Amino acid sequence: MSALIAGVAMYYLQVYAFYEDVSAEVENVQLTSVVTGQAEPVVFENFKGIDSDSSPLRYRACFNVAGSLAMMTETYVVLDTATPLVAPGWFDCFDADQIGADLEAGVALPFMGEENVTYGIDRIVAVYPDGRAYAWHEINRCGEVVFDGDPVPDDCPTPPEGLR
């Protein structure tokens, strides 16, 4: 009986307990400009998002953006690759497997949303031609090195005190 209770508690904690709805808190969605290299707000609507204080990788969002995909590819930084992370099953607007397959097939394009939204973590945004968009966080190259305990590469920003 103890094992069953512990299993149910662990499942609940992993899938539900630490997530919170951030839909009402979001003031803007950003993509990184090709010209300035800085994240800039874009027009969006129908935003649904979740996040967690327990890990910077738990952020997921679904929304719609204005503007054509052709215009966006000339204005914002397009990434070579991106791999969406799986969202909890109850957050049903975000299907990481489908988004990943569409990115590989070229149906959707990955953009840099915001670099180092938290040290070593980038916000990635996948956009479809019809304006559907999905965002998640990924560990970037600098984060991978630092989180593994290796010295910071010269071309990476200085990590916060707790990560050195």
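Hydrogens, waters and symmetry mates are skipped; everything else that's a heavy atom, side chains included, is used. Computed from a prediction, not measured in an experiment: that's the story for all the values here.
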Enquirer: Given side chains that start at C-beta, do those of D51 and Y59 come closer than 4.5 Å, heavy atoms only?
Expert: yes

Enquirer: With heavy-atom distances below 4.5 Å as the criterion, would you say the side chains of V117 and H137 are in contact?
Expert: yes

Enquirer: Donor-acceptor check, side chain of R60 to backbone of L85, threshold 3.5 angstrom: yes or no?
Expert: yes

Enquirer: So N140 and I121, do their side chains get closer than 4.5 Å, heavy atoms only?
Expert: no

Enquirer: Please name all residues satisfying side chain to side chain donor-acceptor pair (under 3.5 Å) with D102, sequence neighbours left out, ordered by chain then number.
Expert: Q98, Y128

Enquirer: Return all side-chain donor-acceptor pairs below 3.5 angstrom for residues 65-75, not counting sequence neighbours, or 'none' if the list is empty.
Expert:
unit_1, atom_1, unit_2, atom_2, d
S68, OG, M71, N, 3.0
T73, OG1, A70, O, 2.8
T75, OG1, M71, O, 2.8

Enquirer: Looking at every non-hydrogen atom in both residues, tell me the closest pair between P157 and C142 and how far apart they are.
Expert: CD-SG, 4.1 Å

Enquirer: Within this structure, what is the CD-CZ distance for the pair Q30 and F44, rounded to the nearest 0.5 Å?
Expert: 10.0 Å

Enquirer: Can you name the closest pair of heavy atoms from G113 and V125 and give their distance?
Expert: CA-CG2, 4.1 Å

Enquirer: Taking the side chain as every heavy atom from C-beta outward, state whether P84 and F94 have any pair of such atoms under 4.5 Å apart.
Expert: yes

Enquirer: Using a 3.5 Å distance criterion without hydrogens, assess whether the side chain of D130 forms a donor-acceptor pair with backbone atoms of R132.
Expert: yes

Enquirer: Quick one: CD on E115 to CD on Q38, what's the gap to the nearest 0.5 Å?
Expert: 9.5 Å

Enquirer: Do V42 and Y76 come close enough that some side-chain heavy atom pair is under 4.5 Å?
Expert: yes

Enquirer: Counting only heavy atoms not in D155 (residues, nucleotides, ligands), do more than 12 fall under 6.0 Å from its CG?
Expert: yes

Enquirer: Indicate the atoms forming the closest heavy-atom contact of S33 with V77, along with that distance.
Expert: O-CG2, 3.8 Å

Enquirer: Apply the test side-chain contact (heavy atoms from CB on, under 4.5 Å) to residues F63 and N46: give CA-CA distance (whole Å), side-chain angles for both, the deciding distance (0.1 Å), then the verdict.
Expert: CA-CA 5 Å; F63 50 95; N46 303 321; 5.6 Å; no

Enquirer: For W136 and T83, which heavy atoms make the closest approach, and how far apart are they?
Expert: NE1-O, 3.3 Å

Enquirer: I need the C93 SG to K48 NZ distance, nearest 0.5 Å.
Expert: 4.5 Å

Enquirer: Who pairs with S52 by side chain to side chain donor-acceptor pair (under 3.5 Å), at least two apart in sequence or on another chain?
Expert: S54

Enquirer: Quick check: is V34 connected to V43 through a chain of hydrophobic side chains (ILVMFWY, heavy atoms under 4.5 Å apart)?
Expert: no

Enquirer: With rounding to the nearest 0.5 angstrom, report the CD1 to OH distance, I99 to Y134.
Expert: 5.5 Å

Enquirer: Could you pull out the closest heavy-atom pair between Y119 and C156, with the gap in Å?
Expert: OH-CB, 4.1 Å

Enquirer: Looking at every non-hydrogen atom in both residues, tell me the closest pair between L103 and A108 and how far apart they are.
Expert: CD2-O, 3.6 Å

Enquirer: Looking at side-chain heavy atoms only, is the closest gap between F111 and L79 below 4.5 Å?
Expert: no

Enquirer: Any sub-3.5 Å donor-acceptor pair from S23's side-chain atoms to G49's backbone N or O?
Expert: yes

Enquirer: Could you please spell out the steps behind the side-chain contact (heavy atoms from CB on, under 4.5 Å) verdict for L109 and V127?
Expert: CA-CA 5 Å; L109 292 177; V127 180; 5.7 Å; no

Enquirer: Does the side chain of L31 reach to within under 4.5 Å of the side chain of P41, using non-hydrogen atoms?
Expert: no

Enquirer: Is it true that a side-chain atom of D122 and a backbone atom of N116 form a donor plus acceptor pair closer than 3.5 Å?
Expert: yes

